[in-house]
Structures are given as structure tokens and as C-alpha cells.
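Below is one structure, written out as C-alpha cells; the observations come after it.
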Number of protein chains: 4
Amino acid sequence: MLDEAISKRKRTRIQTVNREAILQAALSVFSAYGYRGATLDEIAEKAGMSKPNLLYYFPRKKSLYVAVLEETLAQWLAPLAAMKADGDPADELSRYIDAKIAMSRDNPAASRLFASEILQGGGAITEFLHGPLKAIVDEKSRIIADWIAAGRLRPVDPRHLIFMIWATTQHYADFDVQVRAVLASDDEGRFKHASETIRRVVLEGLLPR
Amino acid sequence: MLDEAISKRKRTRIQTVNREAILQAALSVFSAYGYRGATLDEIAEKAGMSKPNLLYYFPRKKSLYVAVLEETLAQWLAPLAAMKADGDPADELSRYIDAKIAMSRDNPAASRLFASEILQGGGAITEFLHGPLKAIVDEKSRIIADWIAAGRLRPVDPRHLIFMIWATTQHYADFDVQVRAVLASDDEGRFKHASETIRRVVLEGLLPR
Amino acid sequence: MLDEAISKRKRTRIQTVNREAILQAALSVFSAYGYRGATLDEIAEKAGMSKPNLLYYFPRKKSLYVAVLEETLAQWLAPLAAMKADGDPADELSRYIDAKIAMSRDNPAASRLFASEILQGGGAITEFLHGPLKAIVDEKSRIIADWIAAGRLRPVDPRHLIFMIWATTQHYADFDVQVRAVLASDDEGRFKHASETIRRVVLEGLLPR
Amino acid sequence: MLDEAISKRKRTRIQTVNREAILQAALSVFSAYGYRGATLDEIAEKAGMSKPNLLYYFPRKKSLYVAVLEETLAQWLAPLAAMKADGDPADELSRYIDAKIAMSRDNPAASRLFASEILQGGGAITEFLHGPLKAIVDEKSRIIADWIAAGRLRPVDPRHLIFMIWATTQHYADFDVQVRAVLASDDEGRFKHASETIRRVVLEGLLPR
DNA sequence: CATGAATGAGCGTTCATTCAT
DNA sequence: AATGAATGAACGCTCATTCAT
């Protein structure tokens, strides 16, 4: 009875550990080569298991891709969701920029997976883009518009401002190779400098004088 | 004798026409699926010829990819190269932003191809990144630094400023699907709005008061 | 001690029940797709158990196949074995035809499995074909030959007569789909009509005038 | 110009030769193992070419199967179609039986393919079974019924009579292994004996006295 | 220049079988 | 007696590339 419980727990742990290993391997491969360019062979090898065993956990390539994407999308939305209407515009924008830069630094593969999916047409996340993503951008755009109306921010199209923040912060994950090539090769402070530069330009450009 | 010459000229013209058709088809396919995800079948069909004939012009997939990339890189560099030391900082930055937005609007596939290559690690353009690209960024960074030293621009890390402009302008090509989903679906003025927003924020943020 | 005995009995009963379920499932799948076309997955699902558990009872696909075949062969032989030398030829042939038609009606899968195995070359039942089957056919052929010699049956090659009966009766199981398509679609009396037709033609053709 | 024509002819011949080789190989493999049990590897090897080259001619397994089936069905129907209303019943039935036995002798694989398809449910030929096949059986049944009405044949259900002829004649192709095992092993006259036996039983059983 | 024919390597996926529990 | 986890081999099919013409 007890044995059985332990054995079941052990089994569950194995399953969880393997699922995590697979998702991580899949993230790294899908993000680098896109859906079509990625191969299960490479993912399986990175996850340290045979291809059929990988398919035991995710029975098709597509379902694995979707699983990885879903995890990524949730992470991706979180920082924007945290932007509060009743906060100080400078603080809120600053915090958002920092959070996004932190994501680029700490989980660049997630950013690249998202970029790759969009580059390739976004077919797998059409619903996400037109649903939750558009909804939250609409909501936060209203907040920014209110700040502008209240004179707490200089006039700017809120959606394009959000695009600017997305683009500039994600650039350090998605275009990492280019960034490294242009900067002194082992500039480990690049994320801090990036964050400062973006915050400075955006805030100086938008805060009232 | 004369016939032969005419025939040679004809052949050459055919060759040129076909090369162009192939490069265009290849650009659209490589940019949509990445190097590994693209297939010669799809490119050949888009170029209106058989696969063996395509391989007559570019004997391997890689060489076709490199040829497309090289065309793209040259285009990509041109606007930055046009930034002049003796111009007005506001004009020069403004013009650069506009030129890059125009590229995103008029040739989004080129932008996406470049993004895709970098996402995949940039192995095919390592030399370009560390050579001509780094060189020109270094050169233009010196110009910006001079502007700052002369008090014509507020202090900012020149390289990260350049990254900001790249990121924000290319975003409208690379993330087109996302941009369309977030904006009112048929917002045909998005490139103009983008250009205005970016210029406003960057210039207001950086021009001396 | 007693507990153990009960438990052993219980285990045995379970084993028997499961074996039956497996054999039945296997019969339906093997007969539908042939040995190579059948999958253990499908058999296990039909038998209501996991694939490894199925393999606990029959450790390889082949051994399961052979087990099902053997059950089928025994059934298959029984009616012919029942043909008696001292009976009336008309009665004996009539009874044999009826018994075979009944088999086709009541257990068409068995007939199809046998047909499938023979179609595939009969490798799994070579010994059966050249051993018991040939022996019983030889024996019954002698009976028929005696009937002919005694003037109770008109001259006919006994073996080919047996083939005729096999072929015509099994046809209603093996070619069921075709038979249904040709007849009015829900002709439920087809087995009775078949039996009558075969008996009439064979007996009228062979009984002395 | 002439060269071109020759070359085109050569190419066409190659194609035809290969198609024939493939169809023949496919017939032998599909007829032995059924659709699911057959493998392209085996067919390709038998046809003397690589698997991708086989798929160059028939781009999917299913299309190859359908091609083989269609050839077979046409052959299969021909003898029945030849049965004439204004002929003598004895002659017509006799000729039909002979023609079918000849098919079993000369192209047993075709017969087996058909049997295999029907055994496995006939999904690929549903339309054939309910369309042309049923139509021709209906037509010929009417002829037989007319013979009976005219007193030229004793009463019998025409459709079941046709089934009898099908079953008995095809038996020598479909159950060849069994037939060989039961008969003296190298009985090369089995087709002649079969034909005689079937004709005798059927005609004696059905012709008026 | 152009293409039909051909193939080795590899793709996503299935399958019979094994192992540990 | 039963099953989750695992895998080598093979399956149908695709791909970049070659060859002959």
C-alpha cells in the first residue's frame, strides 16, 4: 500500500522531470529553427532520450510545439499585465521596461520562440494574438491615454509606444548575436546599459517638462 | 559569328532574368520559414522552374541562401551608411528612422530574412556581423559621440541608440502579424504613425532643451 | 494456506478470462488485416488491456497469431471429420454443406483468418496443411471414392468435390462484403439460400438418376 | 529535332517499363499481405528500384494500391461480361467456368489481390462493388432467369449460382497453397481437373434431364 | 538551358518488444 | 497480473542533390 504510493509518486516525478526536459529542449530548438526547421531528433537528443520516448510524452511534433508556445505566451504577457493605472507613469513604464529586459536576459529562448513563430506567420497563435493579446494591449492603451489626457505624459500613440518597448527590449534576446558582434565582445553589462538607454530615451521623450 | 554573339547575349539575358526570379522566390520562402524550414521545391515552384534547373543556377541550397542574404545585407546597410557627420543630428536621425521604416514597409521579407538568420545564430553572416557591420556601427557611433560632446545631443550610449532604431523600425516588418492583430485590422497608416512615434520619442528624448 | 489456494484459483480464473478476451480480439483483428497488417495496439484495446499485459499472456505477436490459428483450425476440421462412411451420401454431403455454411454465418472471422493465412502463403500452418488436413482429406476422399465405386454417387474427383464444398461455403464468410453488395442489401436469408443452392446443385449433379 | 524525338520516346519507354515493373511488384506484395501489411520497401525491392523512385511514379502507397486494383477489377469483370443471352446455357456456363479457371491459373495474384481487398472490408472498392459489379450481376442474372423460365436450365437462384462459380474457380488461385498441400504435391493438371469437376457438377446439376 | 529520372539521408510516426516496478 | 516508461527497427514520405540527355 505504502510501496504503491511511493512507486506512484516516483513515476509521477519521472514523468514531470522528463516533460520539463523535453519542453526545455524543444524551446531551444524551436526557437532557433522555427517549427518546420526544428527536428524531433535534435530535441530528443537534447532532452537525453530516444525519439519514440519523446513521442510518448508528446505524441506529435505539433502538440509539443503548442505546449512550448503556451508556456511562453503566459510568461510573455505577465509583465504587461502588471502595469497599473494608478501608478506613476514614469515608475510604471520604467518597471515594464526593466521586466522585459530581464526576460530577454534570463530567458532569451522564450523571446526567440515567440519571434520565430511571428516571423513564420503566427499561424499557431492567431487566437492568442487577436484575443488575449489584443485585449490587454487595448486595456493598457487606455491607461496610457488617460495619463496623456491628465497631462502626466506627453502625447503619443499608446499602441506604438508599447510596440517600441516590445521591440527595443526583445531586441537583446532576439538579435543577441548581432548585439554581441557590435558591442565589445564580452560586454556583460549590455542588459543594464540597454535598460538605462531605453528608459532614458523613452522617459525623457515622454515625461512632461 | 554574329549569330553566336546574339545568342550569347540572349542566353545571358535569360540567365539574368531567371536569377532574379529565383532570388525573389528564395527571399520569400527563406524569410517565411528560415533556412532549414525552406524547401527548394517551394522556391522552384515560385520561381516557375524545375528544381534541377534552379540548381543549375545555384548548385546548392546554401549557396542560394548566401546569395539572397548578401543582397539583403547590402540593402540593409545603405541607410546607416548615409548618416553624415556634418549634418544636423535631428535631420540625420530623422532621415535614418524614415529610411528604415520605408524598408520595413517596402521590403519586409528582406527584414524578416535577416531576423531569421540572426535568430538561427547568424552562422551564415558571422563575417558580415564582425566585419562591415561592426565597422560601420563603430564609425557612426563616433559621429554620435561627437554630437554629444558638442552638446548637440544629450548623453546616450551611441550603440544602444542605434539598436533602438533598428529594433523599433524593423519591428513593423518582422512582427507584422502581431502589429496587425493589435491595431485595428486594416490600419494602413501604421507605417506613418510608427515613423512619427519613433521620431518624436527619440528626438524629444535626445535633443537638447 | 487456504487463502493461497483461493487466490491461486482466482488468479487462474482471471488468466483464463483474459486469454479468451485476447484470443477473441486477436481473431477479429488478424482476420480483418492479416498477420502483418494487424497491430498489437488494436488487439490490446479490443481486449480491454494494456499492450504489455497482453504480452504477458502471449509474449510475441507470432505466438498469439499461432494460438488463434490453432483454435480456428480445430473448429475448421470438425465438420469434415464428422462425415461417416456408413451414412447415406446425400445425407452426409448435405450435412457437411450445412455445417460449413453455419460456420460461415456464425463465425465468419474464423473463416477469414484461415483464408488470410492461406493467401499470405500459409507459412504458419504448413505442418497443419500437409499433416492433419491432408490426412483427413485423404481419408474422406476414400469414403467418397467408395460411394462412387458402389454406384451411390456419380463419378467425380473426390478432392475437387471437397474443394468445391469448401470454396462455395466459405465464400459467404470470406466474400461477405461482395455478397452483400450484389444481393439486395439486407438479404438476411442469404445463408439459407446459399445452403439450398449449393446442396441442390451438388446433389443433383452427383446423385445417380 | 530527331534526336529530341528519339530521346522523348526513350524516356517514355523507360517510364512505361518502370510503371509495369512497379505494378507487377505491387500486385504480388499487396495480394499476399493486404494493403496494411504490404510495405513500399518490399515493393520497391521487387521492382528493382529505390523507394523514393517508386514514389516518383506513384506518390503515395494508396495511389499505387488503387492503380493495381483498378487493373485487376477490369480483368476480373471481363469473362462475366462475355456471357451471352442468345447462346446455349451449357456452352455459356462452360465457357465462363473455363475462363475463370484460366484466370486463376494465369494470374493468381490478381485473384488474390481481389480476395484480400474484400477480406479486409473492401473499403477501396465500395463503389465498384455497388456499381459496375452489381449492375453486371443483375444483368447476367436476368439472362439466367430467362433460361430457367424457358426450361433450358433447372430452377436455381441465379446470383447464388454465380457465387458458386466465382468461389469454386477462384479457390484454385486464392487457396493455392492449400490445394497443393492436399493434392499430390506436383499435380500440374489440377486446373484441368478443377475445370472438369466444376463443369460436370454444375452442368449435370442444372441442365434439364 | 532545361528537365525527367533516380537516390541516400533524413523526416515524423508507428510498432513489437523490453524493463522496472 | 498489470502497467508506465523506454527503445531499435521500420514505416510512408520528403528533401537536397546527381545524372543523363
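Numbers restart at 1 for each chain; the letters A, B, ... are given by sequence-line order, proteins then strands. Every heavy atom of this structure was used, including side-chain atoms; hydrogens, water molecules and symmetry mates were not. Owing to the predicted nature of the structure, the values given are computational and were not obtained by experimental measurement.
- Pairing of dC15(F), defined by two Watson-Crick or G-U wobble distances under 3.5 Å, is identified with dG8(E).
- Of the possible polar contacts, one joining the E117(C) side chain to the A124(C) backbone as a donor-acceptor pair under 3.5 Å is found.
- If you find the closest nucleotide of DNA chain E to S50(B) and to P59(C), the one lying nearer the 5' end belongs to S50(B).
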Exercise. Show your working on side chain to side chain donor-acceptor pair (under 3.5 Å) between T16(A) and E20(A) and close with a plain yes or no.
Key: CA-CA 6 Å; T16(A) 305; E20(A) 285 308 312; over 6 Å; no
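- In this structure, of dT17(E), dT3(E), dA1(F), it is dT17(E) that holds the atom nearest to the side chain of K61(C).
- For the pair A21(B) and A47(B), the tightest heavy-atom approach, listed with the atom from each and the gap, is O-CB, 4.0 Å.
- The side chain of R60(B) contributes an N or O atom lying less than 4.0 Å from OP1 or OP2 of dT17(F).
- Looking at Q75(A), its side chain never comes within 3.5 Å of a backbone N or O of A110(A) through a donor-acceptor pair.
- Atoms CG (D41(A)) and P (dT14(F)) sit 18 Å apart, rounded to a whole Å.
- Distance F58(B) CZ to dA2(E) C1': 16 Å, rounded to the nearest Å.
- Proximity of a side-chain donor or acceptor of S31(D) to a complementary backbone N or O of L27(D) within less than 3.5 Å is detected.
- When the side-chain nitrogen and oxygen atoms of Y57(B) are compared with OP1 and OP2 of dA2(E), one or more of them lie within a distance under 4.0 Å.
- Following rounding to the nearest Å, K51(B) (NZ) and dA6(E) (P) show an atom-to-atom distance of 15 Å.
- Contacts of A38(A) with the nucleic acid, taken as non-hydrogen atoms under 4.0 Å apart, involve only primed sugar atoms and P, OP1 or OP2.
- Along DNA chain F, the nucleotide closest to M49(A) and the one closest to Y56(C) are compared, and the more 5′ of them pairs with Y56(C).
- For the pair I43(C) CD1 and dT17(E) C1', the interatomic distance rounds to 14 Å; values are reported in whole Å.
- Between the CG atom of L55(B) and the P atom of dA5(E) there is a distance of 18 Å, given to the nearest Å.
- Distance CZ (R36(C)) to C1' (dA10(F)): 11 Å, rounded to an integer number of Å.
- Side chain of T39(A), nearest nucleotide from dA2(F), dC11(E), dA5(F): dC11(E).
- dC15(E) atom P lies 10 Å from atom CG of L40(C), rounded to whole Å.
- The shortest distance between the side-chain N/O atoms of N53(A) and the OP1/OP2 oxygens of dG4(F) is not below 4.0 Å.
- Figure legend. dA20(E) is base-paired to dT3(F); pairs are counted as Watson-Crick or G-U wobble with both atom distances under 3.5 Å.
- Phosphate contact (OP1/OP2 of dG4(F), side-chain N/O of N18(A), threshold under 4.0 Å): absent.
- Of the candidates dT3(E), dG8(E), dT17(F), dG8(E) carries the atom nearest the P52(D) side chain, counting heavy atoms from C-beta on.
- For R19(B) and dA2(E), the CZ to P distance is 14 Å, given to the nearest whole Å.
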